[in-house]
Amino acid sequence: MKTIFITGASSGIGKAAANYFAEQGWNVVATMRSPEKETELTGRERVLVTRLDVEKKETIREAVAQGIERFGKIDVLLNNAGYAAFGVLEAATETQIQRQFGVNVYGVMHTIQEVLPHFRANREGRIINVSSIGGRVSFPAAVTLSC
């Protein structure tokens with residue numbers, strides 16, 4: 001049985017992916033910043049809902065370890081967590097810019113760094129990175145800071 005590890009599974013694409021893979025018979029590690037608020041995924045069989053904040057490396061490490069402990073192996077990493085600050089760039093605060101990169105760039109890289117040794121030890125594994133259309137298409141009067 002395959003196991004998928006999903007970041008940002010509290011809503012949107014992440015939650016839909018968690019439900020989809022669970023329905024297909026996969027084990028799912030559904031990670032989110034506030035797992036205590038999750039009700040739908042918590043009750044599903046073969047789904048581990050756990051805390052992960054991609055801006056905090058220790059939570060990445062803990063979530064990966066919990067997933068491996070529960071299911072024995074992770075086969076797929078779905079990097080889905082994301083953050084978008086909307087507005088004109090010159091009005092963006094340093095905090096907004098740092099968070100944008102912290103979540104959408106460094107968070108992805110740190111999650112990959114954490115799971116890669118497991119993939120190498122198993123001599124297999126897949127990484128899927130979800131990104132924003134904001135990197136390809138501009139929106140009039142709403143410049144996004146998304147990466």
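Because only heavy atoms are used, hydrogens play no part in the values below, and waters and symmetry mates are left out as well, while side chains stay in. Predicted model only: the values in this text are computed from it and were never measured.
Within 6.0 Å of atom CZ in Arg46, more than 12 heavy atoms from other residues, nucleotides or ligands are found, so the atom counts as buried in its surroundings. The number of heavy atoms from other shown groups lying within 6.0 Å of CD (Glu36) is above 12. Surrounding CD of Glu23 are more than 12 heavy atoms belonging to other residues, nucleotides or ligands, all under 6.0 Å away.
In this structure, Leu78 is a member of the same hydrophobic cluster as Leu41, with clusters built from ILVMFWY side-chain heavy atoms closer than 4.5 Å. Hydrophobic clustering (side-chain heavy atoms under 4.5 Å, transitive across Ile, Leu, Val, Met, Phe, Trp, Tyr) keeps Val130 apart from Val103. If you chain together hydrophobic residues whose side chains sit under 4.5 Å apart, Leu48 and Ile68 fall into the same group. Under the 4.5 Å side-chain contact rule for hydrophobic residues, Val108 and Val115 share a cluster. Linking Ile, Leu, Val, Met, Phe, Trp and Tyr whenever their side-chain heavy atoms come within less than 4.5 Å leaves Val64 and Met32 in two separate clusters.
Considering only heavy atoms from C-beta on, Ile127 comes within 4.5 Å of Leu116 through its side chain. Between Pro35 and Val49, some side-chain heavy-atom pair lies under the 4.5 Å cut-off. No side-chain heavy atom of Gln66 sits less than 4.5 Å from a side-chain heavy atom of Arg70. Using a 4.5 Å cut-off on side-chain heavy atoms (C-beta onward), Asn19 and Glu40 make contact.
Residue Lys56 forms a side chain to side chain contact (heavy atoms under 4.5 Å, CB included) with just one option from His110, Arg33, Arg51, and that option is Arg51. Asn79 pairs in a side chain to side chain contact (heavy atoms under 4.5 Å, CB included) with only one of the listed residues (Ile128, Ile112, Val54), which is Ile112.
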Show me the side-chain donor-acceptor pairs of residues 2-18 shorter than 3.5 Å, one per line, residues at least two apart or across chains.
from, atom 1, to, atom 2, distance (Å)
Thr3, OG1, Asn27, ND2, 3.2
Thr3, OG1, Lys73, O, 3.2
Thr7, OG1, Asn80, N, 2.8
Thr7, OG1, Ala81, N, 2.9
Lys15, NZ, Glu38, OE1, 3.1
Lys15, NZ, Glu38, OE2, 3.3

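Among all heavy-atom pairs drawn from Phe119 and Ile74, the shortest one is CE2-O, 3.2 Å. Across all their heavy atoms, Phe71 and Val28 have their closest contact at CE1-O, 3.7 Å.
Ring planes of Tyr106 and Phe101: tilted class, angle from 30 to 60°.
Here Lys57 does not pair with Glu114 in a salt bridge; the nearest charged N to carboxylate O distance is not below 4.0 Å.
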>> For Arg99 and Glu55: C-alpha separation, side-chain torsions, deciding distance, then whether salt bridge (Lys or Arg N to Asp or Glu O under 4.0 Å) applies.
In response: CA-CA 8 Å; Arg99 180 146 194 244; Glu55 291 186 282; 3.3 Å; yes

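Thr93 places a side-chain N or O within 3.5 Å of a backbone atom of Gln96 that can act as its donor or acceptor partner.
Atom CG of Asn104 sits about 11.0 Å away from atom CG of Asn129, to the nearest 0.5 Å.
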